[in-house]
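To keep things clear, I will list the structure first and then write my remarks on it.
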Amino acid sequence: MSSSSRRRRREAARRAPTKAGTDGWPRDFRHAYVQLVEGDALVERDLRAEADVAAQGRVLEATYLEKRGLFERMFGVFSGEPASAARKLAPPFDGDGGDAPGLFAGSSDVLPLEPRGAALGQVRRVRGRVVPLGPDVPPDGAVLRAIWLDKPPALHACEAIEFAVIPDEGPPVVLSFDLSPLVVDRPSRVSVSGFLSRVGPRMRALLREMEVDRSRREEGQFVQISSGQTVEVLCVIRAEVRDTHAFSIHGVSRTLPMEARPQDGGPYRGTSTRNAVLAGDAPGTRAVVRRIG
């Protein structure tokens with residue numbers, strides 16, 4: 001889990017070009033999150049699918065935010081890098097997809113998600129199969145995708161949709177993020193152009209709004225979580241979903257697919273067969289999603 005000092009405010013931003021659905025909401029449910037090093041801090045902007053404006057904050061301290069040494073900065077100047085880039089990003093994975101900063105090292109001390117009575121605001125660990133909410137999953141089945149660009153000013157961009165994690169025991173866990181989650185998996189090298197070809201209109205609009213100017217040939221480390229994969233998640237419990245047939249996330253009506261709903265006649269240790277749990281992040285506590293199968 002990363003620790004950050006975050007001050008969020010609403011500010012004017014360009015509306016992403018989307019197509020309105022029959023209910024007035026956009027059909028494209030992809031959310032965009034961009035973190036960009038500016039001087040000695042990390043600026044983050046998040047543009048959710050239902051929002052007209054981006055939320056902005058500054059990350060001052062995190063496990064993946066490191067200082068650049070003086071020699072590294074001076075050498076970079078001769079290479080055309082901005083001298084003001086005092087920080088660099090360290091992705092939360094190694095070349096084999098391992099948990100580089102040890103985010104899950106203490107997860108044995110984090111109580112697994114109990115089927116009933118999970119305290120709001122508490123961090124829980126859950127393992128299970130990924131199931132998207134409804135038909136809004138992109139064509140390639142990705143529910144999370146992220147790229148990390150090392151060249152200063154370093155950048156981390158992540159795109160996500162809401163999805164559920166279906167554990168072997170306990171209720172389904174619906175995940176929704178206000179902050180960019182951290183994705184841990186084996187990375188591949190993907191160009192900026194390749195990343196842009198995979199993402200939706202909000203990500204492209206947010207990068208334009210932040211005046212991110214990168215060569216389309218520049219390559220970064222790319223990770224992705226897809227439907228049907230097995231993941232382990234560190235997340236913050238937000239609420240109980242009492243009816244998985246119809247519930248709201250940020251004012252948007254959502255439903256849990258039939259394959260992800262608790263089955264009648266098989267309640268989880270006394271819970272309602274229609275219950276689920278809504279989880280994600282909280283100010284200062286970022287969600288972490290690791291692929292394990």
Non-hydrogen side-chain atoms of [X] and [Y] separated by less than 4.5 Å:
X	Y	result
Ile161	Pro132	yes
Val288	Asp99	no
Leu89	Leu42	yes
Pro172	Leu256	yes
Leu47	Arg45	no
Val190	Glu219	no
Tyr64	Leu103	no
Arg204	Leu196	yes

Could you check whether Arg214 makes a cation-pi contact with Phe195, meaning its NZ or CZ is under 6.0 Å from the centre of the six-membered ring and within 45° of the ring axis? no
Can you name the nearest heavy-atom pair linking [X] to [Y], along with the distance?
X	Y	answer
His31	Ala49	ND1-N, 2.8 Å
Glu50	His250	OE2-CB, 3.3 Å
Ala100	Asp94	CB-N, 4.0 Å

Whether [X] side chain and [Y] backbone form a donor-acceptor pair below 3.5 Å:
X	Y	answer
Asp243	His245	yes
Arg87	Val37	no
His156	Trp148	no
Arg291	Gln229	no
Asp281	Phe177	no
Glu240	Asn275	no
Arg202	Asp28	yes
Glu44	Ser180	yes

For a side-chain contact (heavy atoms from CB on, under 4.5 Å) check, start with the C-alpha distance between Val174 and Phe247, then their side-chain angles and the critical distance, and finish with the verdict. CA-CA 11 Å; Val174 176; Phe247 57 95; 4.1 Å; yes
Can you confirm whether more than 12 heavy atoms, excluding those of Arg216, are under 6.0 Å from its CZ atom? no
Can you tell me if CZ on Arg217 sees more than 12 non-hydrogen neighbours from other groups inside 6.0 Å? no
For a side-chain contact (heavy atoms from CB on, under 4.5 Å) check, start with the C-alpha distance between Val223 and Val184, then their side-chain angles and the critical distance, and finish with the verdict. CA-CA 7 Å; Val223 287; Val184 180; over 6 Å; no
Roughly how far apart are [X] [atom1] and [Y] [atom2], rounded to 0.5 Å?
X	Y	atom1	atom2	value
Asp140	Arg145	CG	CZ	4.0 Å
Asp168	Arg127	CG	CZ	10.5 Å
Ile225	Thr230	CD1	OG1	10.0 Å
Gln224	Arg198	CD	CZ	7.0 Å
Leu278	Ser248	CG	OG	9.5 Å
Arg125	Cys235	CZ	SG	10.5 Å

For a side-chain contact (heavy atoms from CB on, under 4.5 Å) with Phe163, tell me which candidate from Val137, Leu144, Val173 qualifies. Leu144
Tested for side-chain contact (heavy atoms from CB on, under 4.5 Å) against Met210, the lone hit among Asp213, Val212, Leu207 is Val212
Can you sort out the partners of Arg290 under salt bridge (Lys or Arg N to Asp or Glu O under 4.0 Å), two or more places apart, ordered by chain and number? Glu232
By salt bridge (Lys or Arg N to Asp or Glu O under 4.0 Å), Arg254 pairs with (sequence neighbours left out) Asp136, Glu162
